[in-house]
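To start, the structure under review is shown below, and the notes come after it.
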Amino acid sequence: QLTSVMEGYVRSAETERLLQDKVVTTRNDRYVLLLKADHQGQLPGIIHGSSGTGQSLFVEPLPAVELNNDIVSLQDEERREVVRILRDLTARVRDRADDIARMAEILGELDAVQAMARLADDMDAHPPEIGEDGRLELVDSRHPLLMPRLAERLEVSREDDPVPVSVRVGDAGSVLVISGPNTGGKTVALKTVGLFALMAQCGLHVPAAPGSTLPVFRKVYADIGDDQSIAENLSTFSAHLAAIVEMTRDLERPALVLLDEVGAGTDPTEGGALGVAIVEHFRQRGAMVLATTHHGLMKAYAQSTPGVGCASFGYDPETWEPTYRLTLGTPGRSLALEMAARLGLPPAVVQDARDRRDDKEQQAEDLLARLEKDR
């Protein structure tokens with residue numbers, strides 16, 4: 001009814017000359033017309049103010065006042081009814097608060113389980129066996145972030161599926177020392193083992209082949225990456241050492257200890273000796289240890305110490321490119337000079353580095369090279 005009344009004014013030839021614009025607008029929640037200021041008084045009604053320029057007045061014609069009042073009254077009544085309904089619903093909810101809280105908890109659990117199932121499907125994952133003999137074995141394991149299907153969600157471009165890695169620790173000892181070329185996959189292997197241990201204990205399936213076994217750990221410790229800090233006066237070496245010191249204080253068995261480039265960041269001879277001592281310390285205290293290294297002393301320790309296993313990542317002997325395949329039972333060459341050449345370091349610099357190696361280092365590298373060739 002109000003719209004009809006207002007449009008009658010807008011369409012009327014009699015009032016057209018009085019209006020600034022032939023539109024119906026609102027002011028203070030009431031429908032009004034825009035009247036030219038110099039025609040004030042010629043359109044009977046209530047003035048609700050003027051425009052910013054002062055050239056127009058917002059006028060509510062008298063025939064519209066009662067209809068506007070009815071609308072405002074009905075809107076107030078509607079708001080009161082909405083409040084009454086909401087209060088009634090709230091009271092009903094309050095009476096069932098415990099049931100609803102339990103329902104929300106159950107729905108949360110079901111949602112989590114469904115998310116876990118969808119993730120397992122996306123990763124082509126399987127439930128790991130939970131071993132009680134302290135043995136860890138991952139068969140054809142793949143780190144989730146290397147899978148194209150999952151990397152895509154993080155807006156990371158990966159076209160090729162990762163090379164699966166099989167790891168076994170605990171058959172004859174609780175320590176595995178992994179060596180091999182730079183950028184060959186050693187750190188990823190450590191992260192995969194640590195991640196899978198935590199995933200299994202959260203009830204998640206892991207992207208590894210059936211038959212993979214994981215023990216239950218009370219704590220998982222990891223020293224991976226470089227936490228050097230100028231602000232905290234920590235060098236690369238001292239940052240690694242600070243993390244390891246914290247592990248020795250906090251160690252709770254059964255424990256999984258992951259050490260990346262243990263003994264790095266200092267003199268190679270002393271670093272290798274320190275790395276061996278650190279790994280042996282954790283072994284003697286009953287922890288399962290996986291460590292990566294380039295130190296010859298660590299490789300020798302792994303081969304000569306009962307209860308300590310060794311493994312290495314391979315490379316293509318023609319191109320020196322890493323294959324990302326882990327071989328258990330053998331140490332591997334670091335290939336620092338070969339990798340430097342492959343990555344574009346000038347040949348003269350690489351040759352100079354070869355000439356500067358001492359005889360023992362050269363003999364050790366040659367021995368490893370012959371063993372790999374024979375294998």
Side-chain angles (χ1 to χ4, degrees), residues 1-12 15-16 18-37 39-123 125 127 144-145 149-156 195 198-205:
Q1 291 175 28
L2 179 61
T3 300
S4 177
V5 169
M6 299 300 278
E7 287 181 350
Y9 278 99
V10 170
R11 289 197 296 266
S12 170
T15 56
E16 183 179 358
L18 306 176
L19 300 179
Q20 188 74 34
D21 272 314
K22 298 176 67 174
V23 295
V24 178
T25 185
T26 58
R27 190 76 166 183
N28 302 326
D29 294 328
R30 302 177 76 87
Y31 286 85
V32 294
L33 298 172
L34 283 171
L35 181 70
K36 293 178 182 176
H39 292 312
Q40 182 177 350
Q42 296 186 34
L43 181 65
I46 299 172
I47 298 176
H48 289 276
S50 60
S51 64
T53 61
Q55 295 180 354
S56 304
L57 301 174
F58 297 102
V59 177
E60 180 184 8
L62 287 179
V65 171
E66 188 173 348
L67 290 171
N68 263 322
N69 288 342
D70 289 343
I71 290 173
V72 171
S73 176
L74 289 168
Q75 287 173 337
D76 286 342
E77 188 179 337
E78 181 187 21
R79 278 191 288 268
R80 285 194 299 272
E81 181 65 7
V82 168
V83 170
R84 186 194 66 77
I85 292 170
L86 291 176
R87 281 178 174 166
D88 180 57
L89 290 173
T90 303
R92 296 187 194 185
V93 169
R94 188 185 300 112
D95 293 340
R96 301 293 299 278
D98 291 341
D99 293 339
I100 292 171
R102 177 63 181 146
M103 179 187 70
E105 183 181 341
I106 291 170
L107 287 174
E109 291 178 6
L110 291 173
D111 187 51
V113 170
Q114 185 181 46
M116 292 160 70
R118 285 184 171 183
L119 178 65
D121 186 53
D122 286 348
M123 297 188 301
L145 296 184
R149 190 170 177 180
L150 270 67
E152 185 180 350
R153 297 184 185 179
L154 302 175
E155 298 181 355
V156 176
L195 177 64
L198 297 174
M199 288 174 67
Q201 290 180 214
C202 290
L204 290 164
H205 292 185

Spacing of Ile71 atom CD1 and Leu2 atom CG [to the nearest 0.5 Å]: 4.5 Å
Residue pairs, two or more places apart or on separate chains, that pass salt bridge (Lys or Arg N to Asp or Glu O under 4.0 Å) and touch residues 51-70: Arg30-Glu60
Distance (rounded to the nearest 0.5 Å) between Ile46 CD1 and Asn68 CG: 9.0 Å
For Ser50 against Arg27, the heavy-atom pair lying closest together: O-NH2, 3.8 Å
Flag side-chain contact, heavy atom, 4.5 Å: Val59 against Val32: no
Lys/Arg-Asp/Glu bridge criterion (N-O < 4.0 Å) met for Arg80, Glu77: no
Met116 versus Gly203, closest heavy-atom pair with distance: CE-O, 3.0 Å
List the atom pairs, donor and acceptor, that lie under 3.5 Å between side-chain atoms in residues 98-114 and the rest of the protein, sequence neighbours left out.
residue: Asp99; atom: OD2; partner: Arg96; partner atom: NE; Å: 2.8
residue: Asp99; atom: OD2; partner: Arg96; partner atom: NH2; Å: 3.2
residue: Arg102; atom: NH1; partner: Glu105; partner atom: OE2; Å: 3.2

Main-chain N/O of Ser56 paired to Ser51 side chain as donor or acceptor, under 3.5 Å: yes
Approximate separation, where rounding is to 0.5 Å, of Glu81 CD and Leu86 CG: 10.0 Å
Interatomic spacing from OG1 in Thr90 to CD1 in Ile85 - rounded to 0.5 Å: 11.5 Å
Pairing of Asp88 and Arg84 as salt bridge, 4.0 angstrom limit: no
Derivation and outcome, side-chain contact (heavy atoms from CB on, under 4.5 Å), residues Leu145 and Leu154: CA-CA 9 Å; Leu145 296 184; Leu154 302 175; 3.5 Å; yes
Lys/Arg-Asp/Glu bridge criterion (N-O < 4.0 Å) met for Asp76, Arg79: yes
Heavy-atom closest contact (Leu150 atom, Pro144 atom, distance): CB-O, 3.6 Å
Closest non-hydrogen atom pair, Pro61 against Leu33: CG-CD1, 3.7 Å
Criterion side-chain contact (heavy atoms from CB on, under 4.5 Å) on Leu34 and Phe58, from CA distance to verdict: CA-CA 5 Å; Leu34 283 171; Phe58 297 102; 3.3 Å; yes
